[in-house]
Amino acid sequence: MTVLTISRQFGAGGKTLGKTIATRLGYTLADEDLVQMVAERAKVSNNWVKSIEKEAGGSLLRFMDYMISKSYVDRVLAETKGYIDEKIYVSALSEIISTMADEGDCVIVGRGGQYILRDHPRAFHILLVARREDRVRFMMENYNLTRKQAETTITVQDKRRRALYKKFGKEDYDHPSLYDLVLNMSRISMEKAVDLTYDLIRG
């Protein structure tokens, strides 16, 4: 009954590894469906949760603070509709990931799992890194993007990743001490990465 968290530089293949290793182990994969779980807990739409993730305390929340009065928020919370902000998001995400880890046999991609489950006795944490050029190539080959689209996507997603971890008050997200295994995808194949991850968990 183990849990694996996968952190990655965008375009290093974290989602691909997550899907492949989850299938090989027969584990549940938690990735974008975490958005749905947080939305259900907070009783808000998926898009609202995605906006929280993307903006990370920036213009959206400042706009919300300006436009939405406390009395309106109180009414929303009292009704069947919900409300979410950064604190609620982090709290809900932490509870959901912790519950999944306790149930075991799951792979969690991104969203601070390596922090939330840092002290979990049955959790393994891995990090995927790669040179930027290799990440651009991976996005072009696997997501049918032009070079410009791949470069822009990586730049935007790297920024969002940094912003997400700031919600947890963390800036050391690529430090190897956080992980049981660090994989340089510029040096190894995806097949080798899957084998190494499998050996880590089953070894």
Side-chain angles (χ1 to χ4, degrees), residues 1-10 12-57 82-129 157 160-170 172-183 190 193-203:
M1 299 294 288
T2 58
V3 56
L4 172 70
T5 74
I6 299 177
S7 183
R8 80 285 193 199
Q9 295 176 337
F10 196 84
K15 287 189 176 184
T16 301
L17 176 62
K19 290 178 181 178
T20 306
I21 195 66
T23 299
R24 183 167 175 178
L25 291 167
Y27 281 14
T28 299
L29 176 66
D31 185 9
E32 293 301 323
D33 48 346
L34 286 170
V35 170
Q36 176 66 31
M37 294 177 189
V38 171
E40 290 176 355
R41 180 157 301 198
K43 295 185 291 187
V44 298
S45 70
N46 287 9
N47 288 337
W48 197 344
V49 175
K50 290 179 180 178
S51 294
I52 291 288
E53 292 190 342
K54 290 177 181 178
E55 294 299 328
Y83 172 76
I84 191 167
D85 58 19
E86 287 187 349
K87 290 183 179 180
I88 295 173
Y89 168 83
V90 171
S91 176
L93 187 64
S94 297
E95 290 177 6
I96 290 167
I97 288 178
S98 295
T99 298
M100 294 188 70
D102 289 339
E103 293 174 352
D105 292 352
C106 64
V107 176
I108 298 171
V109 179
R111 292 183 172 82
Q114 76 275 37
Y115 293 116
I116 297 170
L117 302 178
R118 187 169 187 174
D119 298 320
H120 195 285
R122 295 187 303 279
F124 292 93
H125 310 289
I126 68 172
L127 170 67
L128 273 63
V129 300
Q157 293 297 339
R160 289 176 179 173
R161 180 171 179 249
R162 290 192 298 270
L164 175 63
Y165 286 131
K166 284 183 179 180
K167 295 180 191 294
F168 293 91
K170 305 294 185 179
D172 60 343
Y173 44 85
D174 281 343
H175 198 283
S177 66
L178 293 171
Y179 304 96
D180 301 297
L181 180 65
V182 179
L183 301 173
M190 181 59 67
V194 172
D195 288 341
L196 289 170
T197 303
Y198 183 87
D199 290 342
L200 172 68
I201 295 174
R202 292 304 196 197

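Side chains included, hydrogens not; waters and symmetry mates left out as well; all remaining heavy atoms used.
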**Report entry** Nearest heavy-atom neighbours spanning Ser7 and Arg161
**Finding:** OG-NH2, 3.2 Å
Query - Minimum side-chain heavy-atom gap Arg8-Val109 below 4.5 Å - result: yes
Query raised in the report: Does Asp119 have any side chain to side chain donor-acceptor pair (under 3.5 Å) partners at least two apart in sequence or in another chain, and if so, which?
Result: none
Query raised in the report: From Ser94 OG over to Ile116 CD1, what is the distance, rounded to the nearest 0.5 angstrom?
Result: 4.0 Å
Query raised in the report: Is the shortest heavy-atom distance from the side chain of Leu128 to the side chain of Tyr179 under 4.5 Å?
Result: no
Requested in this report: State which residues pass side chain to side chain donor-acceptor pair (under 3.5 Å) with Thr2; sequence neighbours excluded, sorted by chain then number.
Outcome: Tyr27
Requested in this report: With the side chain counted from C-beta on, respond yes when Gln9 and Asp174 share a heavy-atom pair under 4.5 Å apart, and no when they do not.
Outcome: yes
Query - Partner residues of Asp102 under the side chain to side chain donor-acceptor pair (under 3.5 Å) criterion, sequence neighbours left out - result: His120
Query raised in the report: Ile97 versus Thr5: any side-chain heavy-atom pair under 4.5 Å?
Result: no
Report task. Answer whether the closest heavy-atom distance between the side chains of Leu4 and Phe124 falls below 4.5 Å. Result -> yes
Query raised in the report: Do you know which two heavy atoms are closest between Met1 and Gly104, and how far apart they sit?
Result: CE-CA, 4.1 Å
Let me check something: any side-chain donor-acceptor pairs from residues 193-203 under 3.5 Å, sequence neighbours excluded? List them with distances.
residue	atom	partner	partner atom	Å
Asp195	OD1	Arg24	NH1	2.8
Thr197	OG1	Ala193	O	2.8

Query raised in the report: To the nearest 0.5 Å, what is the distance between CG (Asp105) and CD (Glu103)?
Result: 10.5 Å
Requested in this report: Return the minimal non-hydrogen interatomic distance between Leu117 and Ala123, and the atom names on each side.
Outcome: O-CB, 3.9 Å
Requested in this report: Heavy atoms only: give me the nearest Tyr173-Arg162 pair and the separation to one decimal.
Outcome: OH-CG, 2.6 Å
**Report entry** Passing option when Leu25 is tested against Leu29, Ile21, Thr28, Thr23 for side chain to side chain contact (heavy atoms under 4.5 Å, CB included)
**Finding:** Ile21
Report task. List in chain and number order the residues that pass side-chain contact (heavy atoms from CB on, under 4.5 Å) with Gln157, two or more places apart in sequence or in another chain; answer none if no residue qualifies. Result -> Phe10, Thr153, Arg160
Query - Between OG1 on residue Thr20 and NZ on residue Lys15, distance to nearest 0.5 Å - result: 13.5 Å
Report summary line: Hits for side-chain contact (heavy atoms from CB on, under 4.5 Å) against Arg118, two or more places apart or cross-chain, chain-then-number order -> Leu178
